[in-house]
Structures are given as C-alpha cells and as structure tokens.
**Q** 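Pasting in a structure now, in structure tokens, and then I'll have a few things to ask.
Scope of the values below: all heavy atoms of this structure, side chains included, with no hydrogens, waters or symmetry mates.
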Amino acid sequence: MEEQLAGLGIEGSMAAASAISSNAENYTNNPMIEQLWAIKAIKYAETHMRLLKAADAKSLSLTKYDDEMYQKLQEDFSDIDVKCLDPDSIKSAEAKERWRPFCNSYEEMIQDFNFGTLLRIDPSKDYSEDNTILVPRAQFIAIEVARNRLGLNSVHHSQ
C-alpha cells in the first residue's frame, strides 16, 4: 500500500490528502480513496494505542473539549456501557440517528470530527478485527474520554 502511495508523486499525494480530509459523504466507493481512508484510520489507531501504553490514561487529555464531551456523553448516552460496547448501540440505524446530533455539534471544534475512526469494543483489549468498529471521530473521542476518566484504558499503561 505504501508503495502505491509513493507512486502517486507530489500532485497525487496532495490530491489524496485533500480527498481523505473531506467529508466521506461526498464520495462514491472509490477503491483508492477507501484504501487511503483505511491507512489513515489504522495509523490513528496505532498512535492511540501507543499513547495508552506510554501514559496513564486517567491523566490523558484528547482535546480541549474533553470535559464538555464527557458531560454531554453522560447526559445524552447514560445507557451506553463504555466498558464493553454493544455494537448495536453504536451502529444500528436508530443509534446512528441518535448519535448524529452529538457528533455534528463538534463539527467546528474537533478536526476531522466525522472522519471514520477505529474504536475498540472492549477497552481492555488491543485493536483487532473482532474488537473494532468504525465510528465518526467525535464519537470515538467521547467514548475514549469516558474510558480514560473511568480508568478503563489504564490497563494498557507500560505494557
């Protein structure tokens, strides 16, 4: 994959960067764009896990809006168990409608708020095919902030 990206050249790389920074709803299924999105999502997940291993998650701040997001998550989604997510509470049509206003409220605050981001179902485990779902970045941040505050991500520190 990285060889394909290297073969794009400067202009192709600039176009690819622009494409993956745009709203996903603007695109049809283009295999190259999907691969670029997947690469970006995987790199973000790898960075997230390295961060969890390097520092105690209870002291981590993901954004300057962590307090607000945590409070809003508790108010709007008190029924969500962040310790072990039920994918239907995140991915069902009803759940997506419920989450949409939450995520959209961070459009101006969170960079790439709607970018597809990998989220672990069980925070005690690493990213894997069976333990991962794709969610908008704002949803990922809100859930991971809650996990940090509750100490659920601390299990990874110094592993």
**Q** Which residue pairs satisfy the salt bridge (charged side-chain N to carboxylate O under 4.0 Å, His left out) criterion with at least one member in residues 77-95, sequence neighbours excluded?
**A** Asp79-Arg98
**Q** Give, for atom CG of Leu73 and atom CZ of Phe102, the distance between the pair rounded to the nearest 0.5 Å.
**A**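 It is 5.5 Å, given to the nearest 0.5 Å.
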**Q** Got a second to check how far His156's NE2 is from Met49's CE, nearest 0.5 Å?
**A**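 That separation rounds to 4.5 Å.
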**Q** Would you check, one step at a time, whether the test side-chain contact (heavy atoms from CB on, under 4.5 Å) holds for Leu134 with Thr117?
**A** CA-CA 5 Å; Leu134 188 66; Thr117 306; 5.6 Å; no
**Q** Ring centres under 6.0 Å, that's the criterion: do Phe115 and Tyr44 meet it?
**A**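 Ring centres of Tyr44 and Phe115 not closer than 6.0 Å.
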**Q** To check you understand the geometry: which heavy-atom pair defines the closest contact between Leu118 and Ala45, and what is its length?
**A** CD1-CB, 4.1 Å
**Q** What's the separation between atom OH in Tyr106 and atom CD in Gln139, rounded to the nearest 0.5 Å?
**A**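 Rounded to the nearest 0.5 Å, the OH-CD separation comes to 12.5 Å.
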**Q** Does some side-chain heavy atom of Asn153 sit less than 4.5 Å from a side-chain heavy atom of Glu144?
**A** yes
**Q** Once rounded to the nearest 0.5 Å, what's the spacing between atom CE of Met109 and atom CE of Met69?
**A**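 So the gap between those two atoms works out to 8.0 Å.
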**Q** Between Cys84 and Pro123, which heavy-atom pair has the shortest distance, and what is it?
**A**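 Here Cys84 and Pro123 meet closest at N-CD, 4.5 Å.
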**Q** Less than 4.5 Å apart, any side-chain heavy atom of Thr63 and any of Ile141?
**A** yes
**Q** Considering only heavy atoms from C-beta outward, does the side chain of Leu60 approach that of Leu52 to under 4.5 Å?
**A**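 Yes, close enough: below the 4.5 Å cut-off.
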**Q** Test side-chain contact (heavy atoms from CB on, under 4.5 Å) on Thr132 and Ile121; report intermediate values, then the result.
**A** CA-CA 6 Å; Thr132 307; Ile121 295 168; over 6 Å; no
**Q** Is a donor on one side and an acceptor on the other found under 3.5 Å between the side chain of Ser59 and the backbone of Asp56?
**A** yes
**Q** If I take atom OG from residue Ser89 and atom CD1 from residue Ile133, how far apart are they, to the nearest 0.5 angstrom?
**A**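 The distance works out to 7.0 Å.
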**Q** Less than 4.5 Å apart, any side-chain heavy atom of Phe113 and any of Asn104?
**A**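 Counting from C-beta outward, Phe113 and Asn104 do come under 4.5 Å.
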**Q** Using 30° and 60° as the class boundaries, would you call the ring planes of His48 and Tyr127 parallel, tilted or perpendicular?
**A**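 The rings of His48 and Tyr127 stand perpendicular, inter-plane angle above 60°.
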**Q** Run Lys43 and Glu46 through salt bridge (charged side-chain N to carboxylate O under 4.0 Å, His left out) and show every step you take.
**A** CA-CA 5 Å; Lys43 288 187 182 222; Glu46 289 171 346; over 6 Å; no
**Q** What's the shortest heavy-atom distance between Glu97 and Pro101, and which atoms?
**A** O-CD, 3.2 Å
**Q** Side-chain contact test, heavy atoms from C-beta onward, threshold under 4.5 Å: evaluate it for Lys96 versus Ile90 and give yes or no.
**A**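 The answer is no, as the side chains (C-beta and beyond) never meet within the 4.5 Å cut-off.
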**Q** Got Lys72 and Asp67 here, is their nearest side-chain heavy-atom distance under 4.5 Å?
**A** no
**Q** Roughly how far, to the nearest 0.5 Å, is CG of Leu62 from OH of Tyr70?
**A**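 Between Tyr70 OH and Leu62 CG, I get 13.5 Å after rounding to 0.5 Å.
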**Q** Please determine, by modelled atom types, if Glu107 and Asn114 share a side-chain donor-acceptor pair under 3.5 angstrom.
**A**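 The criterion, which ignores hydrogens and geometry beyond distance, is not satisfied for Asn114 and Glu107.
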**Q** Evaluate side-chain contact (heavy atoms from CB on, under 4.5 Å) for Lys53 paired with Asp126, printing each intermediate quantity in order.
**A** CA-CA 11 Å; Lys53 290 179 179 182; Asp126 205 335; 3.9 Å; yes
**Q** Evaluate salt bridge (charged side-chain N to carboxylate O under 4.0 Å, His left out) for Lys125 paired with Asp130, printing each intermediate quantity in order.
**A** CA-CA 10 Å; Lys125 299 177 183 174; Asp130 294 337; over 6 Å; no
**Q** So if I apply the side-chain contact (heavy atoms from CB on, under 4.5 Å) rule between Leu85 and each of Asp122, Asn131, Ile143, which one comes out positive?
**A**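 Of the listed residues Asp122, Asn131, Ile143, the side-chain contact (heavy atoms from CB on, under 4.5 Å) partner of Leu85 is Ile143.
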**Q** Identify the two heavy atoms, one from Ser154 and one from Lys58, that lie closest to each other, and give their separation to 0.1 Å.
**A**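 That closest heavy-atom pairing would be OG-CG, 3.8 Å.
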**Q** Considering only heavy atoms from C-beta outward, does the side chain of Asp112 approach that of Ile110 to under 4.5 Å?
**A** no
**Q** Would the number of heavy atoms belonging to other residues, nucleotides or ligands and lying under 6.0 Å from CD of Gln111 be above 12?
**A**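 No, not enclosed.
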